[in-house]
Amino acid sequence: MDSGFIITVAKMVGVAAVILTFILIVVMYPMIYGLRRVMAFMQSRIGPNRVGPQGLLQTPADALKLLHKEDIIPRGADRWIFTIAPILVFVPAYLVYVVIPFGKDLVASDLNIGIVYVSAVTSIAIIGIVMAGWASNNKWSLLGAFRAAAQLVSYEVPLVLAFCVPIVLAGTLSLQSIVIEQAGDVRNWFVFRAWGLGALAFGIYLAAGLAEANLTPFDIMEAESELVAGFNVEYSGMKFALFFLAEFAAAFTLSALAVTLFFGGWQAPFSFLAYPVFGIKVPETLTLLGRTVPFAAWTEHAVQFAWFFGKSLAMVFALIWVRATLPRVRVDQLMNLAWKVLIPIGLVNLVLAGFYVALK
Amino acid sequence: MTGQGVAFAVLAAITIISALLVVTIKNIVRSALFLALSFVGVAGLYILLNAEFLAAVQVLIYVGAITVLMLFAIMLTQQIMSAKISQTTEWFWLALPMALAMLATLIFFFAMRTYPVNPAPDALAVGTTMPLAEALLKPYLLPFELASFILLAALVGAIVIAREEKPGATD
Amino acid sequence: MQPINCYLGVSAILFCIGLFGVMTRRNAVGILMSIELMLNAANLNLVAFSAYGPKHGLTGQVFAVFVITIAAAEAAVGLAIVVNLYMNAKHVNVDQVNLMKW
C-alpha cells in the first residue's frame, strides 16, 4: 500500500473533522442561541438570558445537560436500529457541506455533480427517520415517521425542480461554477435573472426547502403538539441531541444553498465591496513567526467568507421570522401543496427557463 | 496495492456481504437496511468506474426512494410471526446448489475470459453528465419518452391496486 | 487498475445471491428485495463494459439509467400487489398463497 494513498486519506479525514467542528461550534451554537432570542423578541418575551452574559452560554449548557441524560432504549425496541437511526439522520445533514463553496478556494471538494450529490445525500436521512419511528416500538412514533417520510419524499420533487433552474441558467452542476456564473453585480444573481423565472424558482425552493428541513409552516413531524413530537419521542440524551443538531444543520443548509444558488454565493453585491474593500489594500505578504504568509490572499478569502456568512445569516433570520409568524399547515394541506401546486409550477418554471436559455 | 485496488476491495466486500445478509437474515426490517447498504456499495463501484452521475442517481433513487418504499411495505404488511416459522421456503436445499452452479457457470465462462477491452477506464475530461444527457436526448430519445410513459403507468397502477375498496361503491 | 474481470466477478456473485434469495425467501417483500439485487448486478455489468469498452461511448450507462427507471416502476407496482395481498389474506407468505394450485 503506497504511503501517498494513506496520506491523502488522512488529509481528507482531517479536513472533514475541521469542517465539522467549525460548523458545529461556530455556526450551530450561535444559531441555536440566536433562534431562541430572536423568536422570543418577535413574541414579546425575552428568551434565555440567565446562563452566562446575556444567556450566551445557554447552548453549551443544554449540550452538557443532554450529554448527562440517561440513555434509554425502550423495551421491545430493536437495539441496533434504535442506535443507528440518529446517525443516519445526522451524518447526511453534515455531508452536504462538502460541496458548498464558502469562498473562491474554500470548497472542501468541488464535485462536478454538486447539486445531484446534495439531493442524493439528503435523501438518505429519510431512511434514518423511518428507522427511528419503527425502532421505538411505539405506534405513535411509527405514525409520525410515516407522515415524516411521506412529507420528505413528496417535497423532494419540487426541490429538485427548483434546483434545476439555476442549473439550466448556469449550464453546470458544480456549485462553485454556479457561484462564479453569477459574478458581477447584484443584477447577475440568479434570483433577479431570466425575467422573474429565477425569483419563481427561489419561491419554489423556499417552500420545498422549508418542508424538507421541517421548519414551520411544515414542521408537523417534530412539533410538540403533533403526535407527541413524532418519531423522536422515545429518544433522550445524546441521540436526541443528534436529531436536534441535524435539524439545525438542515436549516442552515437551506440558507447556504439558497445563497449559493440564487444570491451569488460568496460574491459581494457591488464590486467595490469585494476585496479590496473601498480600495483599502493590505500588504501582500506578512512575516509571522518567521514564515511569510500570503496576507492579501487570506484577506480576500476572509472577505468572501464574510459575505457568504452574512448572507446566510440574513436568510436564517428570514426563516426564523417565518417560523414566528406563520401557523402550521395540516397534513393533507401539506401533501396537496406539494403534488397539486408546487410540482406543476415547478415544471412550468423549468420549461420556461429552458426556453429562456435557448432563445438567448 | 494501489489506492484504487483498496477502494475496490472494500466496496466489493461491503456490497457482497450486505447482499448475503439480505437473503439470509430472518428479521425482514434489518434485511431491508442491509439492502440499502449494498446499494451504497454498488454506487461506490460506479464511482470507481467513472460513472459519477450514475452513482448519485443510484443513491438518490435506490437508497432514497426504493428502500423507503420497501420499508413502508414491510411495516404495512407486518404479520404476527412466531419464532418457529422459518424464513426460508422448502426449496432451500435445491436452491443452494442451483445458485452455486449458476455462479460457477457465470464466473468460468464469462468473468474469466479475456475481453478485447481497454486495460483501464479512461476518465472523461468533462465528466459524464453532459455526454449522458446528449445520449438520452439525441440517439435514445424514444426509450426516454417511453420510460416516462412506463413511469406514469406504474404510478397510476400502484395507486389503483393498493387502494382500499370502499364497500358498496360500484364505479 | 483492476481488469474488467474483477467487476464481472462481483456482478456474477451479486446476481447469484439475488437468485438464491428469490428462490428461498418466504416473505414476498424479501423476494422483491432479491430481485432488486439482481437488477443491480446487471447494472454493474453494463456500467463496467461501458467504462472499459473499446468504443468510447456511454451506451452502457444510458442502459443502466433505463434499468434503474424500470426497476423503480416495478418495485412500486410489485409492492402495491403485496400490500393488496396482505389486505386480502392477512399474511405475505408466498408458501401459503396457493389457492390456484392444481
Side-chain angles (χ1 to χ4, degrees), chain B residues 4-5 8 12 15-16 19-20 22-23 28 31-32 35 39 42 45-46 49-51 54 57-58 61 65-66 69-70 73-74 76-77 79 87-89 91-92 95-96 99 102-103 106-107 110-112 115-118 120-121 128 131-132 135-136 140 143 147 150-151 154 157-158 161-162, chain C residues 1-10 12-21 23-27 29-30 32-34 36-37 40 43-44 47-48 51-54 58-59 61-62 64-66 68-73 75-77 79-84 86-87 90-92 94-95:
Chain B
Q4 282 196 335
F8 172 77
T15 310
I16 293 178
L20 274 173
V22 167
V23 300
I28 194 103
S31 180
L35 185 70
F39 288 154
V42 170
L45 287 172
Y46 286 164
L49 289 168
N50 293 326
L54 200 61
V57 163
Q58 159 100 359
I61 293 186
I66 291 188
L69 189 58
M70 301 267 175
I74 290 173
L76 287 174
T77 61
Q79 37 192 333
Q87 213 10 276
T88 58
T89 64
W91 303 108
F92 177 78
L96 187 57
M102 180 86 179
L103 181 63
L106 281 179
I107 289 196
F110 294 106
M112 291 184 59
Y115 291 92
V117 293
N118 304 333
T128 53
L132 197 61
L136 276 176
Y140 299 106
I150 291 184
L151 282 174
I161 293 178
Chain C
M1 273 304 297
Q2 299 76 36
I4 191 177
N5 308 72
C6 293
Y7 290 97
L8 298 185
V10 170
I13 295 176
L14 212 54
F15 186 82
C16 292
I17 292 176
L19 183 64
F20 175 72
M23 290 192 281
T24 59
R25 274 305 219 176
R26 190 179 281 253
N27 196 327
V29 183
L32 281 168
M33 294 200 291
S34 310
E36 295 296 330
L37 276 179
N40 264 310
N43 261 349
L44 190 56
V47 174
Y52 282 84
L58 285 183
T59 313
Q61 291 190 24
V62 172
V65 166
F66 286 125
I68 291 182
T69 311
I70 304 295
V77 176
L79 288 169
I81 295 180
V82 167
V83 166
N84 208 350
Y86 180 77
M87 288 198 293
K90 298 292 174 288
H91 69 84
V92 282
V94 295
D95 276 352

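Throughout, a chain's letter reflects where its sequence line sits, starting with A, and its residues are numbered from 1. Remember, predicted model here, so these are calculated numbers, not experimental data.
In this pair, C:Y52 and C:Y7 present their aromatic rings tilted. The plane angle is within the 30 to 60° band.
No other option in C:G9, C:A12, C:G18 has as many heavy-atom pairs under 4.5 Å with chain B as C:A12. Contact tally against chain B (heavy-atom pairs below 4.5 Å) for C:L79, C:N40, C:V29: the top residue is C:N40. When each of C:I81, C:V62, C:V65 is scored by its heavy-atom pairs under 4.5 Å with chain B, the top score falls to C:V62. Most heavy-atom pairs under 4.5 Å with chain C: of the set B:F8, B:F39, B:Y140, this distinction falls to B:F8. Counting heavy-atom pairs closer than 4.5 Å to chain C, the top residue among B:I150, B:L132, B:L106, B:L151 is B:L132. Between chain C and the residues B:A12, B:S31, B:G157, B:A65, the most heavy-atom pairs under 4.5 angstrom are made by B:S31. Between chain C and the options B:T77, B:L103, B:V22, B:I161, the largest number of non-hydrogen pairs under 4.5 Å is found for B:T77. Heavy-atom pairs under 4.5 Å with chain B were tallied for C:V82, C:L32, C:L14, C:L37; the largest tally goes to C:L37. Of the residues considered (C:V92, C:V10, C:V77, C:T69), C:V92 shows the highest number of contacts with chain B, using heavy-atom pairs under 4.5 Å.
No close placement of the B:F110 and B:Y115 rings is indicated, their centers lying 6.0 Å or farther apart.
The side-chain contact (heavy atoms from CB on, under 4.5 Å) test applied to C:I68 returns B:L54, B:V57, B:Q58, B:I61, B:Y62, C:N43, not counting sequence neighbours. Residues meeting the side-chain contact (heavy atoms from CB on, under 4.5 Å) test with C:L19, sequence neighbours left out: B:M102, C:M23, C:M38.
Closest approach of C:A73 to B:A154, counting heavy atoms only: CB-CB, 3.6 Å. Residues B:Y46 and C:V47 share a closest heavy-atom pair of CE2-CG2, 3.9 Å.
Residue contact with chain C, scored on non-hydrogen atoms closer than 4.5 Å, involves the backbone and the side chain of B:M70 alike. Contacts of B:A32 with chain C are made by both backbone and side-chain atoms, with heavy-atom separations under 4.5 Å. Contacts of B:I66 with chain C are made by side-chain atoms alone, with heavy-atom separations under 4.5 Å and no backbone atom involved. Looking at B:L35, only its side chain comes within 4.5 Å of chain C, counting heavy atoms on both sides.
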Show the numbers, then the answer: is there a side chain to side chain contact (heavy atoms under 4.5 Å, CB included) between C:R25 and B:I28? CA-CA 10 Å; C:R25 274 305 219 176; B:I28 194 103; 4.3 Å; yes

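Side-chain contact between C:Y86 and B:L76 is absent, with no heavy-atom pair separated by less than 4.5 Å.
Looking at C:N84, its side chain never comes within 3.5 Å of a backbone N or O of B:A162 through a donor-acceptor pair.
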